[in-house]
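Computed from a predicted structure; not experimentally measured. Only this structure's heavy atoms are used, side chains among them; waters, hydrogens and symmetry mates stay out. When a ligand or atom number is given, it counts from 1 through the structure's own listing order.
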Amino acid sequence: MSTLIGRQAVVVGAGMAGLPAARALADYFEHVVVLERDTLPLDTSHRAGTPQARHTHGLLGGGQRALSDLFPSFEQDLAAAGAVPVKVGLDLRLEMPGFDPFPRRDLGVVAYAMSRPLIEFTARQRLNGHANITIRENCRAQDVVMSPDGGAVSAIRFENHDGRSETLPADLVVEASGRGNLTLGFLESTGQPPPEETVIGVDIGYATAVLTIPGGVPGGWTAVMTFDTPARGGLAGIMLPLERNRWIVTVVGRHGDKPPGDWGGFLAYAQQLRTPTIYQAIKGAGQLGEIARFGFPASVCRHFDRLEEFPRGLLPLGDAICRFNPVHGQGMSVSAQEACLLRELLRRRAEETDPLDGLASAFFAEAARLIETPWALAAIPDYAVPETEGQRPEDLEQRLAFSEALFQLAAKDAAVHKLLVEVLHLLKPQSVLNDPDLVERVNALAAQT
Ligand SMILES: Cc1cc2nc3c(=O)[nH]c(=O)nc-3n(C[C@H](O)[C@H](O)[C@H](O)COP(=O)(O)OP(=O)(O)OC[C@H]3O[C@@H](n4cnc5c(N)ncnc54)[C@H](O)[C@@H]3O)c2cc1C
């Protein structure tokens, strides 16, 4: 049983942070309103507000688990909608220097492959089952409104579907707009300092094609990930199955070497990957639609947890807090984990006299711990690329050598392989890799190379 702690919560953005957040809030507020600037499709079509959705969107095991916590049987819903189960380690051909492919094993981790619009559509359908959640489309949030006594955020102003300005009272506004502009604008307008940011200039270019490939991937694999050397940026090509017998193929470049947007150029780019697997699979493919491109200049983490004060009644979530380098496939999963964290905090505070007092600070502190693993998993390999801009840790060489040796050990030892995959899928924190026996074995291997 839950206890209501407020009359109305408003979520800005019906993306992969906003939808799980709305579900988390629904147990603790009489009404939850989601404001979304787009018209939301009644199927799995694309929409303007999430241009990244045209690109490969892997949902990690940790994200699947978080979404299933919020929406019980979510994985079954995905499967029923056509998502393809991929046994990580067994069905996914992982190609990295020295391992083409990485040893094939069933690690007991099943990830579903599907388009990003299918994940969103499935989550939206689940929200429709909650009588106290309303999604208002074509509503663009403009700014958050302070209570007359200046003590808290009390409402949100937005432009509605008729183009008129409306104000909606809110005990809590969750900003899941992907950008954080409302939060930053509000801090500025009230004279409060912005959060410090850690920025890693990765300058990545994506090109993605959706294809029909009658033969699929040779060798009975369901999916392929091809990595280049760490100094050349790691992940260079990924190929996943999609619902409705389609495939999605993304090639990734950095700095002066970005993949082009025409089919001939895309194929030529795929042909230059370190291994021929993806090119061989797609060279006779049928193209469905245009090739989509996306430029991602930098990963940005905003340290809201370091602020001494934060307005009551306001909470940024998802990409508004941290935008991860997309090649590591973490953003949706971390957003869903943050929504679970929010629900847990509301549960713990529901019996208090003033549950919203200090909610943001408590959330930021725990979210910072949650973000630590995915941020480190992405940042350390990014720093191996000489052109990457940012503050490298002093022990970078040591960490890169450890990571390389860890993969070598994982190739030999199934238990280490499983542990590594669980960390990469955000099912376990990176700290499990600090186990003294494991560290000793990894360091022994590192010393030999
Ligand atoms: C190229 C690329 C590939 C990626 N690949 C992966 C991947 O493989 N796996 C993964 O987990 N993550 C991936 N991500 C990250 C992922 O897309 C995000 O982390 C995730 O969508 C969570 O973001 P969000 O909900 O905060 O923002 P979004 O999902 O972008 O949603 C923001 C929503 O807010 C709406 N909005 C914005 N402003 C307003 C406003 N003023 N009023 C009302 N509505 C508003 C937008 O229309 C949108 O619907 C990728 C990102 C990129 C750029």
Side-chain angles (χ1 to χ4, degrees), residues 10-22 33-41 46-64 66-67 111-117 119-120 123-124 135-144 156-161 166 168 173-183 185 202 204-208 223 225 235 238 240 248 250-252 259 292-300 302 316-339 371 374 378 424-426:
V10 174
V11 177
V12 177
M16 283 316 295
L19 298 172
V33 180
V34 182
L35 299 177
E36 169 54 50
R37 67 182 174 188
D38 276 355
T39 305
L40 295 169
H46 288 286
R47 60 190 178 88
T50 50
Q52 77 271 30
R54 294 184 180 275
H55 298 273
T56 303
H57 261 68
L59 183 58
L60 301 176
Q64 267 175 213
L67 286 167
Y112 282 88
M114 66 251 128
S115 68
R116 153 78 188 243
I119 310 173
E120 263 191 32
R124 280 204 304 275
I135 303 184
R136 292 191 59 180
E137 304 171 43
N138 302 305
C139 290
R140 180 187 292 269
Q142 291 167 317
D143 46 32
V144 278
I156 183 143
R157 204 165 11 238
F158 64 100
E159 188 183 276
N160 71 14
H161 63 283
E166 256 188 66
L168 209 55
V173 172
V174 171
E175 184 185 6
S177 69
R179 292 282 166 187
N181 293 342
L182 291 173
T183 301
V202 289
I204 281 177
Y206 263 49
T208 296
M225 286 173 86
L235 184 70
I238 179 163
L240 293 180
I248 189 164
T250 293
V251 283
V252 186
R293 297 177 82 214
F294 200 100
F296 184 90
S299 310
V300 178
R302 296 193 175 118
L317 198 125
D319 282 13
I321 300 183
C322 189
R323 275 166 81 81
F324 297 93
N325 175 350
V327 302
H328 306 282
Q330 299 164 325
M332 294 188 298
S333 293
V334 173
S335 298
Q337 290 179 331
E338 287 173 4
I371 287 168
L424 293 172
H425 272 257
L426 308 183

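Under 4.0 angstrom from ligand 1, there are no non-hydrogen atoms of Gln142. Residue-level proximity to ligand 1 for Arg47 is carried by the side chain, the only part with a heavy atom below 4.0 angstrom. At a 4.0 Å heavy-atom cut-off, ligand 1 does not touch Ala48 at all. Counting heavy atoms closer than 4.0 Å to ligand 1, residue Ala176 contributes backbone atoms (N, CA, C, O) but none from C-beta onward. Contacts between Thr56 and ligand 1, counted as non-hydrogen atom pairs separated by less than 4.0 Å, involve the backbone only.
The contact set between ligand 1 and Gly329, taken as ligand atoms under 4.0 Å from a residue heavy atom, comprises 7 (C), 8 (O), 9 (N), 10 (C), 11 (O). Close contacts of ligand 1 with Val12, meaning ligand atoms under 4.0 Å from a residue heavy atom, involve 40 (C), 42 (N), 43 (C). The ligand atoms of ligand 1 that sit less than 4.0 angstrom from a heavy atom of Gly331 are 10 (C), 11 (O), 12 (N), 19 (O). Near Leu35, meaning under 4.0 Å from one of its heavy atoms, ligand 1 places the atoms 43 (C), 44 (N). For ligand 1, the atoms closer than 4.0 angstrom to any heavy atom of Ser177 are 32 (C), 34 (O), 37 (C), 38 (N). Counting the atoms of ligand 1 from 1 in the order shown, those under 4.0 Å from a heavy atom of Gly58 are 7 (C), 8 (O), 9 (N), 10 (C), 11 (O). Counting atoms of ligand 1 from 1 in the listed order, those under 4.0 Å from a heavy atom of Arg140 are 41 (N), 42 (N). Atoms of ligand 1 lying under 4.0 Å from any heavy atom of Gly49, numbered from 1 in the order shown and given with element: 46 (C), 47 (O), 48 (C).
Protein heavy atom nearest atom 31 (O) of ligand 1, with residue, atom name and distance: Gly15 CA, 3.5 Å. Residue, atom and distance of the protein heavy atom nearest to atom 22 (C) of ligand 1 are Ser335 OG, 3.5 Å. Given atom 16 (C) of ligand 1, the protein heavy atom at minimum distance is His57 NE2, 3.6 Å. Regarding atom 36 (N) of ligand 1, its nearest protein heavy-atom neighbour is Arg37 NE, 3.7 Å. Of the protein's heavy atoms, Ala17 N, 2.8 Å lies nearest to atom 25 (O) of ligand 1. Looking at atom 34 (O) of ligand 1, its nearest protein heavy atom turns out to be Gly13 CA, 3.2 Å. When hydrogens are left out, the protein atom nearest atom 2 (C) of ligand 1 is Pro326 CB, 3.5 Å; that is the closest non-hydrogen contact. Counting only heavy atoms of the protein, atom 42 (N) of ligand 1 lies nearest to Ala141 N, 2.9 Å.
With Ile204, Val334, Asp319, Leu19 as candidates, the residue nearest to atom 19 (O) of ligand 1 on a non-hydrogen basis is Asp319.
Thr208 and His55 are linked by a side-chain donor-acceptor pair at a separation below 3.5 angstrom, with hydrogens and angles left out of the test. Gln52 and Thr50 form no side-chain donor-acceptor contact under 3.5 Å, judged by distance and modelled atom types alone. Between Asn138 and Thr39, the side chains place a donor N or O and an acceptor N or O closer than 3.5 Å (distance only, hydrogens not considered).
By the 3.5 Å distance cut-off applied to N or O atoms, Gly318 is not counted among the residues near ligand 1. An N or O contact shorter than 3.5 Å is missing between Ala320 and ligand 1 by distance. Considering backbone and side-chain N/O atoms, Gln52 comes within less than 3.5 Å of an N/O atom of ligand 1. Among the atoms of Glu36, some N or O lies under 3.5 angstrom from an N or O of ligand 1.
Panel note: side chain Glu159, backbone Arg140; no donor-acceptor pair is recorded below 3.5 Å. No donor-acceptor pair closer than 3.5 Å links the side chain of Glu36 to the backbone N or O of Gly13. In this structure a side-chain-to-backbone donor-acceptor pair under 3.5 Å is missing from Ser333 to Leu59. No donor-acceptor pair closer than 3.5 Å links the side chain of Glu166 to the backbone N or O of Asn160. A side-chain donor-acceptor contact under 3.5 Å links Glu175 to the backbone of Thr183. With Glu137 contributing its side chain and His161 its backbone, the two residues share no donor-acceptor pair below 3.5 Å. No donor-acceptor distance shorter than 3.5 angstrom exists from the side chain of Asp38 to the backbone of Leu40, with no hydrogens or angles considered. Put simply, the side chain of Gln64 gets close to the backbone of Tyr112: a donor and an acceptor are under 3.5 Å apart. Formation of a donor-acceptor pair under 3.5 Å by the His57 side chain with backbone atoms of Arg116 is not found in this model.
Residue contacts with ligand 1: Gly63 is excluded, as none of its non-hydrogen atoms falls under 4.0 Å. Heavy atoms of Arg116 come nearer than 4.0 angstrom to ligand 1 in at least one pair.
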